[in-house]
Amino acid sequence: MATLTLQGIKKRYGPVETLKGIDLDLEDGEFLVLLGSSGCGKSTLLNIIAGLIEPSDGDVLIDGQSIVRVHPKNRNIAMVFQSYALYPNMTVARNLGFGLEMRGVAKADRQRAIEKVAAVLQIDHLLDRKPAALSGGQRQRVAIGRAMVRDPKVFLFDEPLSNLDAKLRVEMRTELKKLHQRLGTTIVYVTHDQIEAMTLASRIAIMRDGVVQQFAAPQEIYERPANLYVAEFIGSPGMNFIHGELRRQDGRIGILSKTGAAGASFLPLAAANLAAADAAIEARIDRPVILGIRPETVTLANSSTAAAPHLASFEAQVEVLEPTGADTLGTLRLGADQVTARLRPGDLQQAGGTARFAADMSRASLFDPETGLRIS
Amino acid sequence: MERQNPWLSFFVHLCALLLALFLLTPILWMLIMSVSTTNDLTTIPLRWMPRHIDFHRYVELLTVAENSAGEAFLASMRNSLAVATMATLGALLVAIPGAWSVSRSPGRQRLALYAVVATYMLPPVALVVPLYFALAALGALNSVFSLAVVYLSILAPFTTWLLKSSFDNIPQEIELAAMIDGARLDQIWRRITLPLAGPALATGGLFAFLLAWDEFFYALLFTADQRAKTLPVAIADLAGGRVSDYGLIATAGVLAAVPPVLIGFFLQKSLIAGLTTGGVKG
């Protein structure tokens, strides 16, 4: 049980700066996911917390104590590697007990700890096997067990699920979440998989080029992405971006989409957006903006949607319909932009024609096209 | 089960048979020679199968008597064992830390290993004169120990190279995991790295031993008498007299092959690789 603080972490390799000042503050028992595409510096950051890489600048604190100068074995952390890194020449039991053995824990105590962890992870029947005789999922459990057995202050996970097949990955994801709920240990978890990040994290830090783009709870990141990069990275299918200009029309402020084949549409902003950043919006009237709307906030317009003030309706051409079972993804053409809508199956029978849709503007985001930053 | 062309199968077996013949015939002939009488070996046309099995040469080579062939042979056997063992252990002692450091450090440090291995490419002739003068100046000619040191200089680059590729195959993450688990470097080596590199250590050791055991050129030039002569030189001496007893040479060859064969036999288990699978994905 511990808090973890990163202060101004920088890492330079010659002229290249892979981490450009990372500040993160974790409360006790948090599940932090470092999310980003490869090369964003997330693994470097994890290795710095583990002590396998020394930062060029900055400080790492566990429970308020700086550990930057502390040897990895004395940091009271445990790490699960992407490749599991089990000791191939030892049985599962020896693998689990190795850390305790190295710390001089008596054999009987070691045995008890191994059995306890093995029971939790349901690998007690595998204790006498060597890693080569285990399946991928079993190796994964042993690797987690090896980390658990020492009862560390912080768990570090480096893409632990990426070597498993799709089905097993989902299962292990759920188990990891259960495990975290049960142990309550602070976890730092690196992944490039946004679903893993969304499902597991108590807070996500999205990284890009060595900079944290946004550090917030998953739902917050999903609903209110800090910039275009985050908006694009999170969500599948991704957020729709409608390019247009902010205009005042009939006393309402809204986005006038760029003219396409179907003509321009005016999407008035909802009151929620306006209240949030009045001055910022006023300043941008008659200037280009990007409107971000999630596919599931776009629905087919009908008589009830027309009356709701937070819904902006527009006419669009339906280019493609892709049924996925639970819902049908519609690819719409709105002016120059393509918009994906998560529709109910049966909403539309076939692609090709035009239809009226309604977008929930209270859940929309507004971005500055130059800086990419969120306006509202 | 893959469908097999009977002709292909025949061809594969034929090749295997030819290879076996090619490899085994000289050994078989050596064994026959060592137990044939001198008459059988010198008649023309040659008698391929001996009329009597004659073990007297084995007795001769394994009995110690003043100024006998046996005394010289056994002394050289002892020297060879000492030289090869010292050189092999020395080579492993140098190669393990060397190979590990090169394998675990990125980029430029590797050049050092390439440079060292390049010396291995030099023909012995190029080094023999400076080595001779150096040993002479140190008063270290005709000594088992200095011959072992010379061999070490040949074996160390080769074993380092071999071990490096084996250490490369052990994922560094396993060592990092052990480090986080609290193991010191010596514990990591003893408990994890060296056991995993076991097959390579055995192979490297065996090859180093064989190289030292068979080396002739340096041994011929740097040794003078029974105090330091090794087996290859001693066997050559058997052929150097006025009358060459080919049977005796063959017998010495058979006996000289026994120690390496025994070592290979006992290392057999660890020579079979594949221990590292399973620790990481795949």
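Since the structure is predicted, the reported quantities are computational estimates derived from the model, not experimental observations. In what follows, every chain begins at residue 1, and chains take the letters A, B, ... in the order their sequences are listed.
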Okay, A:R129 and chain B: the region with an atom under 4.5 Å from a heavy atom over there is neither
Which atoms of A:Q140 come close to chain B, meaning under 4.5 Å heavy atom to heavy atom: side chain ones, backbone ones, both, or neither?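 Neither part, no heavy atoms under 4.5 Å.
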Under a 4.5 Å cut-off applied to non-hydrogen side-chain atoms, are A:M90 and B:R191 in contact? yes
Determine whether A:L52 and B:I180 make a side-chain contact, defined as any pair of heavy atoms from C-beta on separated by less than 4.5 Å.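 A:L52 vs B:I180: side chains touch.
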Check for a donor-acceptor pair, side chain of A:Y87 on one end and backbone N or O of B:A178 on the other, with a separation under 3.5 Å.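 The answer is yes, because a donor-acceptor pair under 3.5 Å joins these two groups.
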Please say whether more than 12 non-hydrogen atoms of neighbouring residues, nucleotides or ligands are located less than 6.0 Å from [atom1] in [X].
| X | atom1 | answer |
| --- | --- | --- |
| B:F145 | CZ | no |
| A:E27 | CD | no |
| B:F207 | CZ | no |
| A:K177 | NZ | yes |
| A:D128 | CG | no |

Which atoms form the tightest heavy-atom contact between [X] and [Y], and what is the distance?
| X | Y | result |
| --- | --- | --- |
| B:I174 | A:L86 | CD1-O, 3.5 Å |
| B:A177 | A:A85 | CB-O, 3.9 Å |
| A:K73 | B:M179 | CB-O, 3.4 Å |

Basic-acidic side-chain contact under 4.0 Å: B:D181, A:R150: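 Yes, B:D181 and A:R150 are salt-bridged.
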Give, for atom CZ of A:F98 and atom CD of B:Q187, the distance between the pair rounded to the nearest 0.5 Å.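 It comes to 7.0 Å.
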Qualifying residues under salt bridge (Lys or Arg N to Asp or Glu O under 4.0 Å), relative to A:D193, sequence neighbours excluded: none
ring-ring contact (aromatic ring centres under 6.0 Å, His included) filter on A:F31, not counting sequence neighbours, yields A:H180, A:Y189
